[in-house]
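Any value given below was found using the heavy atoms of this structure, including those in side chains, with hydrogens, waters and symmetry copies removed. For ligands, and for the atoms within them, numbers begin at 1 and follow the listed sequence.
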Amino acid sequence: MEVRILDPRIRDWGIPDYQTAGSAAVDLFACVDEPLEIAPQAPAVLISAGIALSFGDFSFAGLILPRSGQGHKRGLVLGNSTGLIDPDYTGEILISTWNRNPAGSPPITVQPGERIAQMIFVPVLRPAFTVVDSFSRETARAAGGFGSTGA
Ligand SMILES: O=c1ccn([C@H]2C[C@H](O)[C@@H](COP(=O)(O)OP(=O)(O)OP(=O)(O)O)O2)c(=O)[nH]1
């Protein structure tokens, strides 16, 4: 996979890579020029991750996810819940950054180079759609959902 370094500070912070052989994700750095205060419940802020990717073949995509420590402990999550990086997207990777804490909480300060999110890569399946009036196979669940099997 090709990576373009759009913010030279990335070379000092560590080009995003798997921290260990067992790691599924690469951490993304906040490429802000100065510490950035994000108020609770304020509209999400787009922060550059300082990199662009070329997926080569289009068989996988990227997903930007919150980091558990940032999200669970600190309240710093993603304004779009999950970011999808399409395999044909070659622009700057942006992180929609949101302070989910209740109004009145202190702001969260994001430092330059802080690891605020992570990205995993997933295979993309592109099933062909056949338009039908009714499905050729029935299931026990049928349209049951949203708690249909009990609490
Ligand atoms: O957190 C994100 C989400 C998206 N993107 C980039 C890569 C992605 O491929 C592109 C488009 O994202 P998406 O398909 O989710 O956007 P959309 O709202 O459906 O708009 P469109 O596809 O019309 O651009 O924006 C990011 O950099 N970060």
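- Looking at heavy atoms from C-beta onward, P16 lies in side-chain contact with I10 at the 4.5 angstrom threshold.
- Between F60 and F121, the ring planes lie perpendicular to each other; the angle is over 60°, past the 30° to 60° tilted range.
- Within the 4.0 Å cut-off (strictly below), no protein heavy atom is located near atom 24 (O) of ligand 1.
- Those atoms of ligand 1 with a heavy atom of I85 less than 4.0 angstrom away are 5 (N), 7 (C), 9 (O), 26 (C), 27 (O), 28 (N).
- Side chains of E2 and F55 form no contact here, defined as non-hydrogen atoms less than 4.5 Å apart.
- The protein heavy atom nearest to atom 2 (C) of ligand 1 is L94 O, 3.5 Å.
- The residues E114 and R74 are annotated as salt-bridged, a charged nitrogen and a carboxylate oxygen being separated by less than 4.0 angstrom.
- Taking the side chain as every heavy atom from C-beta outward, V26 and Y18 approach each other to under 4.5 Å.
- The presence of a protein heavy atom under 4.0 Å from atom 14 (O) of ligand 1 is confirmed.
- No side-chain heavy atom of E37 sits less than 4.5 Å from a side-chain heavy atom of I108.
- For atom 12 (O) of ligand 1, the closest heavy atom belonging to the protein is L84 O, 3.9 Å.
- Counting only heavy atoms, the protein gets under 4.0 Å from atom 9 (O) of ligand 1.
- Using modelled atom types, one side-chain atom of N99 and one backbone atom of I38 make a donor-acceptor pair closer than 3.5 Å.
- For atom 27 (O) of ligand 1, a protein heavy-atom neighbour is present inside the 4.0 Å cut-off.
- Proximity of I95 to ligand 1, defined as any heavy-atom pair under 4.0 Å, is not found for any part of the residue.
- If you number the atoms of ligand 1 from 1 as listed, the ones under 4.0 Å from a heavy atom of G83 come out as 1 (O), 2 (C), 3 (C).
- The D86 neighbourhood of ligand 1 comprises atoms 8 (C), 9 (O), 11 (C), 14 (O), with distances under 4.0 Å to a heavy atom of that residue.
- When only non-hydrogen protein atoms are considered, atom 1 (O) of ligand 1 lies nearest to N80 ND2, 3.0 Å.
- In this structure, the side chains of F146 and S148 stay at 4.5 Å or more apart for every pair of heavy atoms.
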